[in-house]
Structures are given as structure tokens and as C-alpha cells.
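Accompanying notes for the structure given below.
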Amino acid sequence: MSGSSQVTCLAWVKRGAAKETPDKVELSQEQLKKLFQEAKTGLQEVGEAEDESGVVDTNEDEDGSDDGDAEAKEGDDDASKPAAEEEEDELAKYGLDKYDDDEGGEPMEEGQASGGGGMIASTLPSLAMYASNDDDPYITLKDDEEDEFEREDFTIKPTDNLVVLGKVHEDYGNIEVHVYNEAEGALYIHHDILLPAFPLALEWLNFDPGEGTPGNLVAVGSMMPTIDVWDLDLVDCLEPAFTLGTPKSKLRKKSANIIAHHDAVLDLSWNRLVPHALASASADHTIVLWDMEECKAVSDIRKHTDKVQSLQWHPFEAQSLLSGGFDKTVKVYDCRSPGDNLQSWAIDGEVERVLWNHFQPFTFLASTDTGFVCCYDVRSASDPVFRLKAHDDAITGLSLSSQVSGCLVTGSADNTYKVWDIQDNKPSLVVSKDPKMKAIHCVHGNPDSAFVMAMGGERDGLRAVDIMSHAPVSNQFRDRPKHRIPEPDVTSSNEGLVRTQPGTSGNNAAPSTSSSQKSRRKRKKKKNVKSS
């Protein structure tokens, strides 16, 4: 990656979902002392392990002397004499041998400052320190103004969106939380979170187990088989709000029939109709359905024969789940009985992204590594409704406008993004652009703005692109009506879809924390939080 970072995934947070003034985690003196003690103990253990390994200095003799080094030093002294004389000549040539003398030519005593009009004396006044920045004439931005700017940037306005990025650096991964305000044209980083593994997938959700009010969280899929869920309203947090799944080290010790991923988590989808339900796709060829209320896996789906690259819940049918994999198939499941009720379509290429069309809920789109976008109708098991050769390389970004029907944006490893009009299932190219960010890894539309797209790629971080700034796009879509998708109706009829049944044994679930542990986690979080 040549010292740079790449954006591998991103997710939008709708306006009004974030806390106006996020909380900051502050550790108590006891907690800091405990952390320091643990670090000290760890270093001591490493030192003891090195001592026990029997490593000795082979340069020393048995009596502890080092005759070889002494002889080498004598030889070095002899060889360095001509060089020392040359150095004295150079100092004398430029007068540097008298650099420490005062103006009278006499050497200064130890501890004596340069007097008269010497260089040091002349520059000391310019190094004056002021008790307050308000008194310093060279500081024009005073403390109060700077603090005011910092407070303003830290505050999340009702008109702000958040954009969460998953970034991969050379030796670590993290997520960055950016603030985007369309009216002000503002885009800046708010805070970031260091991750234990490279992020591969992000999914925003507002379900917080154990809380009676909606939260503001993001689920992170990574190279590990577990899913970490982080609270975006907490700044400087050191651990996730909760974790789904079982670490790979513990999987070897447990029963082979445990429901959990055994490889990297490639994609995530939150069910907005059943808020406690989360679906995850993995490189282990499986899909796992999670009950976040209990932090447990409820069931897994094993219908793909290769990596499951992408999945998405239906926006209006709580039970319908769409997935696509490297086995060159796309599948739709009825998750009330996923093993029996499913449809499958073969596709020409490995599937990169799948996407329901929320304006035509019976159709979905799938993109491939060969540069094609295919549209299918779930009411028919026949050929695709249309098949579009959209790019010359893999299509890794696929997004529909949140409010304008027919507006499709694709992003590709061929370094370009394109805007299409697929109205009436007759796709036509509107515009093609190279944003100069090399390969584009992800494209997602703003849930609150019809034509703003967030893009992440191989370089240059995040781009928030208003595609209406392109004249062909404006000409094509400016007169098309906008339709805001209504908020989902969460009803009790969906509660049994993904729910851990009473009496479920541990062999059928992969808990990350018990109920008592979860309660302690909540109390701990509130104890360590201070409102800013």
C-alpha cells in the first residue's frame, strides 16, 4: 500500500440519530493503575522468558572481560589520529574553534552565558514565554475562540450526517467517524476507533441491547470470525459495546456443531423491521443470523459452496434475505425456514454486491467481478430482467438513490464511477467519471439526500460526491419526483423471526456475554462516561 491507507467499507448514519454531544470515556485512577500494572507485569513476563531462554553475550569471555573490543578500540584510536588533526584544521579555518569565546576572545567559564551583543543574548528576548496566550502578541487565535471552534466541531447538529469509514493501514486498521453537512458543505473527521483487525464490512444500527431507547452503533466485520459492535456516541472508547461470535482460539476447544463463523466476516445487514436481528456473511461459506438482544447466534444458512460476499435484508419483508457469493449464484431465503424456502439464480461471474430495489421491491440487482450488473425478478426463476456490461473490471460499489427512482451509481476497480438511469428496466449511461482515487471499493447513497454519494477507495480516503453537479445527471433527473421511503413499521408479528427460543442450549448458540456480564458491561460503560 506504499505507506498509504485504503477505505475498505463505509456506512451512513442518518440525521438526528447521533447524540448532540457525544460522551467521552474517562478512566479512573484505579483503572489507570490497573492498566499500568498489567502492562508492567506483561513486560516482566517477557523479560523472564528471555532470561529462561538462555541467551548470552557471545562477545564476552568467561571471566567477563572483552579483550577483543579493547584491542579494537586501540586500533580505532590509532586510525583516528589523522582524522582528528584534519578536524582541528577545519575548525580553525572557519574560526569555529573560538565559537564559545566571548567578544573579548577569552573562553567562557562553565555555566557562563554569552554576554555583550552575542548571538544567544540577542535572541533570548524573542523566546519570551507568556503566562497566557491572551498576552502573546503573536497568537491571534485566543484560547476562548479556539475552544469555541473545538466545541462547535465536536457538537453533532440535527442537520449533520455521520459517515463511518473502515480503513486499512500498513500495520493496523481503524474506523473513522466523519461529520457531513450538505447545506454547509462541511466534511471533517470527528473521532476514530482503533480496531484489533482489518475492517471488511460496516453496518449502522440503532438497536442497543438492554436499552429502552434507540442507540447509535456500528457493527464491524473483519478478518476475525467475530463481530464487534461499537457505540458511536462514545469517544475514546477502548472496547466495543458488545461482541457477537466466538474467537477462533476458543472455537477449537468447543463443540464442532456450535453456530458461529470460522473465518473472516465479509458483509453485514441489519433488519430494520426486526431490530434485534443481524445477518452476517463469511468466507467460511455460511450466513449466520444473530439475536442481538441475547448476543447469540440463532441459526446458520449453508447454501453457498464458496465465500458469501454480500447480503441484504429486504426493506419491506422482514423474512426475506438476499445473498450472493463467489460460487456465482444469488439466493433469496425465507428466514422463517431458510433451509426449505429459497430461490437461486446462476450468474456469470463471482458476485461482488447485491442490492434490493426499494422502488420495485420484487426486483434486486447483483454486480460481478467481470463488470456486469444483472437485475432479477423474484417472481420469476428465468433469465435476468436486464444484463448490463457496466465496467471493465469488478463492480465493488452498487447504490441506488434513496429518493429518486431509476438513479443507479456503480463504482469499480477500473477506477471509475458511473451514473445510470435504469427506469422501466431499460438501463442507459448518464455520466462516467474518474475521481482519481484508483480502485473504488465502496459506494453508498446518503439516506437523507437524493444525490449525495459517499465513496471509498484505494487512496485519498472519503469522497462525498453530489452527482447533480454533473450537468448530464442534472438534466436527466432534476424533474423526476422524489419519494422518501417511509420508516419501517416494527410490529410484534415479526418478533419470532430471529429470536432465541426459551431453553436453547449453549450448543445451539454462540454467546459473547451472559446476561449478568451484559448488565455489568452497561453499568461499567455509564460509570466511565463523562458528558462533554
Side-chain angles (χ1 to χ4, degrees), residues 8-11 200-203 221 261 263-271 278-289 300-315 317 319-335 338-339 341-358 360-391 393-400 408-413 420 422 427 440-445:
T8 56
C9 47
L10 63 86
L200 301 177
L202 296 177
E203 180 75 346
H261 287 307
D263 207 335
V265 177
L266 304 180
D267 200 15
L268 298 163
S269 183
W270 173 52
N271 194 325
L278 182 74
S280 57
S282 174
D284 65 9
H285 310 177
T286 69
I287 296 169
V288 173
L289 305 182
D300 58 0
I301 303 173
R302 300 174 177 269
K303 296 298 181 181
H304 285 281
T305 58
D306 206 336
K307 298 179 180 67
V308 188
Q309 176 74 0
S310 180
L311 81 171
Q312 187 184 43
W313 288 103
H314 196 282
E317 297 177 1
Q319 75 280 2
S320 297
L321 180 65
L322 169 67
S323 70
F326 280 12
D327 59 359
K328 301 182 180 181
T329 65
V330 286
K331 303 179 188 294
V332 175
Y333 314 89
D334 184 337
C335 289
N341 298 323
L342 78 149
Q343 295 173 273
S344 183
W345 294 262
I347 191 169
D348 185 16
E350 296 176 351
V351 178
E352 293 286 347
R353 305 301 304 168
V354 293
L355 179 68
W356 287 105
N357 187 341
H358 48 269
Q360 295 179 336
F362 44 83
T363 64
F364 66 85
L365 303 167
S367 66
T368 70
D369 66 331
T370 54
F372 282 91
V373 175
C374 298
C375 177
Y376 292 90
D377 190 324
V378 295
R379 300 169 299 182
S380 172
S382 60
D383 294 335
V385 176
F386 67 78
R387 184 170 180 267
L388 170 66
K389 177 61 175 176
H391 289 270
D393 208 334
I395 300 176
T396 49
L398 193 66
S399 183
L400 287 164
L408 172 68
V409 180
T410 57
S412 172
W420 306 85
I422 61 169
I440 298 174
H441 295 153
C442 44
V443 177
H444 289 278

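Keep in mind that the numbers below use all heavy atoms, side chains included, and drop hydrogens, waters and symmetry copies.
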Non-neighbouring partners of [X] that pass side-chain contact (heavy atoms from CB on, under 4.5 Å), sequence neighbours left out:
| X | answer |
| --- | --- |
| Q360 | N357, F362, T363, N425 |
| S280 | I227, H261, V265, L268, V288, W290 |
| S344 | T329, K331 |
| L200 | M223, A264, L266 |

Is the backbone of [Y] close enough, under 3.5 Å, to the side chain of [X] for a donor and an acceptor to pair up by distance?
| X | Y | answer |
| --- | --- | --- |
| T8 | H441 | no |
| W313 | S269 | yes |
| S399 | V409 | no |

Listed once per pair and sorted, the side chain to side chain donor-acceptor pair (under 3.5 Å) pairs that draw on residues 369-380, sequence neighbours left out:
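Pairs touching residues 369-380 that pass the test: T368-T370, D377-R379, S380-S382.
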Please enumerate all residues that pass ring pair (Phe, Tyr, Trp, His ring centres under 6.0 Å) together with H314, with sequence neighbours excluded.
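Per chain and number, H314 pairs via ring pair (Phe, Tyr, Trp, His ring centres under 6.0 Å) with W356.
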If I compare all heavy atoms of [X] with all of [Y], which pair ends up nearest, and what's the gap?
| X | Y | value |
| --- | --- | --- |
| S323 | V354 | C-CG1, 4.1 Å |
| V378 | Q343 | O-NE2, 2.8 Å |
| A11 | L202 | CB-CB, 4.1 Å |
| V332 | L322 | CG2-CD1, 3.8 Å |

If a pair satisfies salt bridge (charged side-chain N to carboxylate O under 4.0 Å, His left out) and one of its residues is in residues 347-357, list it, with sequence neighbours excluded.
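Only D267-R353, D348-R387 qualify under salt bridge (charged side-chain N to carboxylate O under 4.0 Å, His left out).
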Can C375 and I422 be said to form a side-chain contact (heavy atoms from CB on, under 4.5 Å), step by step?
CA-CA 10 Å; C375 177; I422 61 169; over 6 Å; no
Say you draw a straight line from CG of L342 to OH of Y333; how long is it, rounded to the nearest 0.5 Å?
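If I round to the nearest 0.5 Å, the distance is 6.5 Å.
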Heavy-atom distance under 4.5 Å between the side chains of H304 and D327, does that happen here?
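Result yes, sub-4.5 Å side-chain heavy-atom pair found.
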side-chain hydrogen bond (donor to acceptor under 3.5 Å, both in side chains) partners of S412, counting only residues at least two apart:
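Partners of S412 by the side-chain hydrogen bond (donor to acceptor under 3.5 Å, both in side chains) criterion, ordered by chain and then number, come out as D414.
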